[in-house]
2 protein chains.
Amino acid sequence: MSEARTRIVATADELYNARGIQAVGMDELRAAAGVSLKKLYQEFPSKSSIVMAVLERRHRSWAEGLEAAVRQVAEPRERLLAIFDYLARWFGEDSFRGCGFINSFAELGAVSPEVAQYAREHKVSFQEYVGTLASRAGAPAYLAPQLSILAEGAQTTAAIAGTAEAAQQARSAAEVLIDAALGARASRAA
Amino acid sequence: MSEARTRIVATADELYNARGIQAVGMDELRAAAGVSLKKLYQEFPSKSSIVMAVLERRHRSWAEGLEAAVRQVAEPRERLLAIFDYLARWFGEDSFRGCGFINSFAELGAVSPEVAQYAREHKVSFQEYVGTLASRAGAPAYLAPQLSILAEGAQTTAAIAGTAEAAQQARSAAEVLIDAALGARASRAA
DNA sequence: GAGAGGGGAGAACGATCGTTCTCACAACGC
DNA sequence: GCGTTGTGAGAACGATCGTTCTCCCCTCTC
């Protein structure tokens with residue numbers, strides 16, 4: 001990938017996140033990325049292809065950051081909770097304006113099947129990741145969707161409220177759900 | 001409120017929900033509502049005033065539907081769970097495309113302070129309502145934000161996944177959280 | 001019946017958007 | 001040195017949007 005290409009996608013990511021996809025025109029992106037309009041259309045055939053590239057970048061960045069945060073702790077139960085510590089750090093960033101996939105789905109999902117599909121795939125991949133962490137912790141299958149829903153809710157709550165406290169609230173709820181699920185498994189085994 | 005005015009807002013609500021606010025132009029709204037463009041601008045000074053009227057309508061409709069669902073059961077604990085039964089019915093509707101406030105916030109929140117503010121107020125009012133239900137059930141204060149986050153997460157998960165199952169998953173998580181919170185209160189009192 | 005007023009249909013306007021085209025200039029091979 | 005190629009700057013194009021204006025007809029009043 002050319003250096004111009006990565007700079008375009010990184011700049012588009014920032015601008016789209018800060019102000020919304022439809023609110024940022026190609027000329028503004030061109031100026032912010034420091035590239036000519038010709039170069040822009042030489043790297044990408046259309047705006048929607050830039051949007052898809054931004055979504056892929058967001059997915060990679062989210063997955064890498066999450067997995068790095070999870071790997072920092074060893075205990076399977078703590079690994080599930082590390083998801084919410086990761087959220088807390090994210091919510092605290094100045095640039096945080098909600099989950100980029102929820103936002104792009106809300107903005108374009110009804111009009112762009114590609115965007116809707118990619119948002120769906122991203123969320124499925126997150127749920128599957130939570131599922132593997134949960135099963136390694138010995139939890140029953142129903143725990144993963146519960147924790148995923150908590151994480152989703154924390155993201156939208158933090159975005160709209162403009163505060164980061166939803167991460168801690170979701171984390172303490174997750175503790176209760178995890179211990180209940182592990183306890184149910186343990187008492188059933190006994 | 002004139003009959004034309006209510007029809008305009010109701011039509012705008014449907015169209016904005018189905019395809020997004022920015023994707024629906026004034027002329028399409030005019031045609032769907034069966035009014036003249038002159039009438040439209042005689043009832044509302046601008047598109048953004050229609051958007052605000054739609055948000056108010058959504059807020060009323062949501063609050064009335066939720067309170068009606070809650071009143072159908074008597075037990076305080078069951079009333080908290082009735083929130084998620086209400087969500088389940090909502091998610092099952094063909095027209096469901098996610099929470100209109102989350103969507104409008106994602107689409108316009110960064111560019112329209114009014115929309116951002118109204119979305120915030122709507123979510124605060126929901127959390128307060130959950131708070132009164134929770135306190136009547138004798139639950140500690142931390143339960144309400146936890147249940148609110150679950151409800152938010154169920155809405156976005158159901159919207160993006162396109163299925164209604166998130167409501168049941170959130171409901172069973174809510175049961176665990178409620179019983180844990182009530183049990184903590186009870187055991188502390190004992 | 002004549003005139004006035006109001007509302008409907010839709011043209012028009014100015015702005016903005018995504019995309020393409022023009023043109024001038026700089027770097028390179030021969 | 002000269003033509004070729006490719007790039008940057010930005011004008012231009014066509015579409016669409018929110019909003020306003022024009023024109024015409026219908027309906028009242030006297």
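Below, read A as the first sequence line, B as the second, and so on, with proteins coming before strands; counting in each chain starts at 1.
- Put simply, the side chain of B/Asp85 never gets that close to the backbone of B/Ala69: no donor and acceptor are under 3.5 Å apart.
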**OP:** Decide side-chain contact (heavy atoms from CB on, under 4.5 Å) for B/Lys47 and B/Ile21; before the verdict, give the C-alpha distance in whole Å, the side-chain angles of both, and the deciding distance to 0.1 Å.
**Re:** CA-CA 10 Å; B/Lys47 178 172 182 176; B/Ile21 294 173; 4.1 Å; yes
Original post:
What do the steps show when you test A/Ser112 against A/Tyr118 for side-chain contact (heavy atoms from CB on, under 4.5 Å), and what is the final call?
Top reply: CA-CA 10 Å; A/Ser112 161; A/Tyr118 200 91; over 6 Å; no
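- Distance B/Met26 CE to C/dG10 P: 18 Å, rounded to the nearest Å.
- Rounded to whole Å, atom C1' of D/dC17 lies 15 Å from atom CD1 of B/Ile21.
- Interatomic distance, A/Arg77 CZ to A/Leu182 CG, rounded to the nearest 0.5 Å: 7.5 Å.
- D/dG8 atom C1' lies 14 Å from atom CD1 of A/Ile8, rounded to whole Å.
- Of the residues in residues 106-114 of chain A, not one places a heavy atom less than 4.0 Å from an atom of DNA chain D.
- In this structure, the side chains of B/Lys123 and B/Glu152 come closer than 4.5 Å at one or more pairs of heavy atoms.
- Listed by residue number, the members of residues 29-41 of chain A with any heavy atom below 4.0 angstrom from DNA chain C are A/Leu37, A/Lys38, A/Tyr41.
- Remark: the backbone N or O of B/Arg58 is not paired with any side-chain donor or acceptor of B/Asp13 at under 3.5 angstrom.
- Without hydrogens or angle criteria, A/Arg120 side chain to B/Ile160 main chain gives a donor-acceptor distance under 3.5 Å.
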**OP:** Under the side-chain contact (heavy atoms from CB on, under 4.5 Å) rule, what do A/Glu67 and A/Tyr86 come out as? Steps first, then yes or no, please.
**Re:** CA-CA 10 Å; A/Glu67 285 167 26; A/Tyr86 177 61; over 6 Å; no
Original post:
Checking side-chain contact (heavy atoms from CB on, under 4.5 Å) for the pair A/Leu108/A/Gln22: CA distance, chi angles, key distance, verdict?
Top reply: CA-CA 9 Å; A/Leu108 299 173; A/Gln22 314 207 53; 4.0 Å; yes
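- A heavy atom lying under 4.0 Å from DNA chain C marks the following residues of residues 44-53 of chain A, by number: A/Ser46, A/Lys47.
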**OP:** Begin with the C-alpha distance, continue with both residues' side-chain angles, and end with the deciding distance and a verdict on ring pair (Phe, Tyr, Trp, His ring centres under 6.0 Å) for A/Phe101 and A/Trp62.
**Re:** CA-CA 11 Å; A/Phe101 293 91; A/Trp62 158 273; 8.2 Å; no
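- Taking atom CD on A/Gln42 and atom P on C/dC21, their separation rounds to 15 Å, with Å as the unit.
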